[in-house]
Amino acid sequence: MISTVRGMRDILPADMERWQRVETVARQICGCYGYRELRTPLIEREELFVKGTGESTDIVQKEMYAFADKGGERVTLRPEATPGIVRAFVEHGLEQSLSVPKLFTLGPMFRYERPQKGRYRQFHQLNIEVFGVGDASLDAEVIEMACTLVSALGIDETELVISSVGCPVCRPAFSEALLKALGEDLPKLCGDCQRRATSNPLRIFDCKVPADQPIVDGLPHSEDYLCDACRGHFEAVQGYLRAYDQPFQVSHRLVRGLDYYTRTTFEIRSLKLGAQNALLGGGRYDGLVKELGGPDRAGIGFAAGLERLVLALPESDDAVLPDVFVAAIGEANREAAFVLARALRAGGLRTLVDYEARSAKAQMKRANRAGVRHVVIVGDDELARGEVTVKTMATGEQHGVARDRVVDSLLSAL
RNA sequence: GUGAGUGUAGCUCAAGGGUAGAGCGCCGGACUGUGGCUCCGGAUGUUGGGGGUUCGAAUCCCCUCACUCACCCCA
């Protein structure tokens, strides 16, 4: 048997109900906040992510599905959506054509990682992005919208963590301060941290090695090294969040793995999901549009992991069941049954029929298993009277209905 | 990329060298035109794959693949 490729998975009918719930709520909320949907290709030029996501990130260094196509073009399956959306924003001059440059997209991403709970090589994200607005009120609105999405889905036991990673003006000073504070403790840290010290010192805060914690806990905090502009911005964001009565915690240890973030970053975690607990994460990326060849515009957004939202979704039993089963009694009446089924479907009823001329009993069994509310029985006796029998499964009650009245009768019964 | 655990029927799992099983589900019958409950009957497996040890391997050994969880990283 040929099976799925590693890290890929089928989303089966039994799961689709939950997926559709997530997607429907997501679209509805995006609409309320003024976002317009767009879709960008799954395949982009490799350089888009090298420049956009960042050369030093794990995503670019080891997780991209990158290859040369038959024309020799270096392309890659998108590992994240933001660079593609920025490209589309610039390429189509959306700044001019959209009254508000708020965009969202929904679709698959690809990262070559070792799969585990909540992490797959093909996974799906909801991305929202806003261009051209640098004000802290937008940061707060984006964060508040993310929280609204999560709670609208009925997901509880979550925490919102926010941070500020500063800007190109103040971040170098903070990195330097970190290394200085580390001083001779650096060799005592784990191997990963030693590497981080040279590549991206902020990442040292990501360390989970217990032995490192006393040292990491003693390091300076990013808040204390923000420039005046960044500090003011971060305080304003928090002010708005308080005005929204939106609980949050400030963490100096929240470091996002993408190079382009500036100032505000945030993450919503589920407390009951296991190791891959980030439901959604995002932040501001004020330099990215320009970096990718566009005008110098601010940017902010987040990505929500649909698999993880589905995983965190509360149980519910609102499965969509068919309405009616049309049972033909006897070979001669099958044609009449199919014709009736067409009429029921034209009336908007979810209608099942049997294709294998089974016994009445077998058809009833199927109808019961399918969960229909009513069975329409088409047999010699009722056809002779110009009727069919309608049986209500829940009560077992049944009665004759004129053939040409069945659709209306069932529509009003449901 | 690293580590650990697990692979047996559609699903959940037994059998730890001697003929591959149960429950659930599925199909049929009891009830020749009526579901659920009950009873009876039936189908289904290259025991993940390959190699080895053995008279004999689901079982022991090696390799490989997949899945799961964790590290890493992130949605």
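Hydrogens, waters and symmetry mates are skipped; everything else that's a heavy atom, side chains included, is used. These numbers come from a predicted model, not from an experiment.
- For the C1' atom pair drawn from B:rG5 and B:rG10, the interatomic distance equals 25 Å after rounding to whole Å.
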Practice task
Please assess A:Y225 against A:F174 for the test ring pair (Phe, Tyr, Trp, His ring centres under 6.0 Å), listing each intermediate value before the final yes or no.
Solution key: CA-CA 6 Å; A:Y225 286 82; A:F174 178 53; 5.6 Å; yes

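- Ion pairing between a basic and an acidic side chain is recognised when a charged N comes within 4.0 Å of a carboxylate O; A:R385 and A:E387 show such pairing.
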Practice task
With side chain to side chain contact (heavy atoms under 4.5 Å, CB included) as the test, would you mind laying out the steps for A:H124 and A:E307 before giving the verdict?
Solution key: CA-CA 7 Å; A:H124 299 75; A:E307 278 79 2; 2.8 Å; yes

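- Classification of A:E44 and A:R78 as a salt-bridged pair fails, no side-chain N sitting under 4.0 Å from a carboxylate O.
- Heavy atoms of A:L306 sit nowhere under 4.0 angstrom from any nucleic acid atom.
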Give me the distances for all protein-to-nucleotides 29-35 of chain B N/O pairs that come in under 3.5 Å?
residue : atom : partner : partner atom : Å
B:rG33  : O6   : A:D380  : N            : 3.4
B:rG33  : O6   : A:D381  : N            : 2.6
B:rG33  : O6   : A:D381  : OD1          : 2.9
B:rG33  : O6   : A:D381  : OD2          : 2.9
B:rG33  : O6   : A:E382  : OE1          : 3.3
B:rG33  : N1   : A:E382  : OE1          : 2.5
B:rG33  : N1   : A:E382  : OE2          : 3.4
B:rG33  : N2   : A:E382  : OE1          : 3.4
B:rG33  : N2   : A:E382  : OE2          : 2.7
B:rU34  : O2   : A:K391  : NZ           : 2.9
B:rU34  : O2   : A:Q398  : OE1          : 3.3
B:rU34  : N3   : A:Q398  : OE1          : 3.1
B:rU34  : N3   : A:Q398  : NE2          : 3.2
B:rU34  : O4   : A:Q398  : NE2          : 3.1
B:rG35  : OP1  : A:K361  : NZ           : 3.3
B:rG35  : O2'  : A:N368  : ND2          : 3.0
B:rG35  : N7   : A:K391  : NZ           : 3.3
B:rG35  : O6   : A:M393  : O            : 3.4
B:rG35  : N1   : A:M393  : O            : 2.4
B:rG35  : N2   : A:N368  : OD1          : 3.1
B:rG35  : N2   : A:M393  : O            : 3.1
B:rG35  : N3   : A:N368  : OD1          : 3.1

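- Using a 90° window around 0 for the glycosidic torsion, B:rG16 falls inside it and is classed as syn.
- Look at OH on A:Y260: it is 12 Å from C1' on B:rC74, rounded to the nearest Å.
- Taking atom C1' in both B:rU8 and B:rU46, one finds a spacing of 12 Å when rounded to whole Å.
- Regarding contacts with the backbone of B:rC69, every side-chain N or O of A:R114 stays at 4.0 angstrom or more from both OP1 and OP2.
- Residue A:A367 is out of contact with every strand shown, counting any heavy-atom pair closer than 4.0 Å.
- Whole-Å rounding puts the A:Q363 CD to B:rC27 C1' distance at 15 Å.
- Using P as the reference atom, B:rC65 and B:rA57 are 25 Å apart when rounded to the nearest Å.
- Taking atom C1' in both B:rA66 and B:rU47, one finds a spacing of 15 Å when rounded to whole Å.
- Here A:G7 lies in heavy-atom contact (under 4.0 Å) with sugar-phosphate atoms only.
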Exercise for the section: Could you provide the dot-bracket string of RNA chain B, using ( ) for intrastrand pairs, [ ] for crossing pairs and | for bases paired to another strand, with Watson-Crick or G-U pairs below 3.5 Å? Expected result: (((((((..((((....[..)))).(((((.......))))).....(((((..]....))))))))))))....

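- Between the CG atom of A:L273 and the C1' atom of B:rC69 there is a distance of 13 Å, rounded to whole Å.
- Distance, A:R111 CZ to B:rG1 P: 18 Å, rounded to whole Å.
- Using a cutoff of 4.0 Å between basic side-chain nitrogens and carboxylate oxygens, A:E291 and A:K51 are not scored as salt-bridged.
- Among the protein residues, A:R269 comes within range of no part of the nucleic acid, since none of its heavy atoms lies under 4.0 Å from any strand.
- Taking atom C1' on both nucleotides, B:rC27 is separated from B:rG16 by 35 Å, rounded to a whole Å.
- With hydrogens and angles left out, the side-chain atoms of A:E141 and A:Y240 include no donor and acceptor closer than 3.5 Å.
- Judged by closest nucleotide on RNA chain B, A:T4 is the one of A:L258 and A:T4 placed further toward the 5' end.
- Taking only distance into account, the side chain of A:R119 meets the base of B:rC72 through a donor-acceptor pair shorter than 3.5 Å.
- Between A:R405 and A:D408 a salt bridge is recorded (basic side-chain N to carboxylate O distance below 4.0 Å).
- Between A:R45 and A:D69 there is no salt bridge, since no side-chain N of the basic residue sits under 4.0 Å from a carboxylate O of the acidic one.
- Computed from coordinates, the A:L309 CG to B:rC74 C1' distance equals 14 Å when rounded to whole Å.
- Using atom C1' as the reference point in both B:rC39 and B:rG51, the two lie 49 Å apart (nearest Å).
- Heavy-atom distances to RNA chain B give each of A:P115 and A:Y112 a nearest nucleotide, and the one nearer the 5′ end belongs to A:Y112.
- Salt bridge annotation for A:E23-A:R21: absent, with no cationic side-chain nitrogen under 4.0 angstrom from a carboxylate oxygen.
- The residue A:F325 sits apart from the nucleic acid: no heavy atom pair falls under 4.0 Å.
- Taking the ring axis of A:Y65 as reference, the NZ or CZ atom of A:R111 does not stay both within 45° of it and closer than 6.0 Å to the ring centre.
- Rounded to whole Å, the distance from CZ on A:R6 to C1' on B:rC69 is 12 Å.
- With hydrogens and angles left out, the side chain of A:Q116 and the base of B:rC72 share a donor-acceptor pair within 3.5 Å.
- In this structure, A:F123 places its CZ atom 11 Å from P of B:rC74, rounding to the nearest Å.
- A:K62 has its NZ atom 7 Å from the P atom of B:rC73, to the nearest Å.
- Between B:rA30 and B:rC24, the two C1' atoms lie 22 Å apart (nearest whole Å).
- Atom C1' of B:rA20 sits at a distance of 42 Å from the matching atom of B:rC72, rounded to the whole Å.
- By the 4.0 Å N-to-carboxylate-O rule, A:E397 lies too far from A:K391 to be salt-bridged with it.
- The nucleotide whose nearest atom lies closest to any side-chain atom of A:A275 is, among B:rA75, B:rU68, B:rC71, B:rC71.
- Shown here are the side chain to side chain donor-acceptor pair (under 3.5 Å) partners of A:R403, two or more places apart in sequence or in another chain: there are none.
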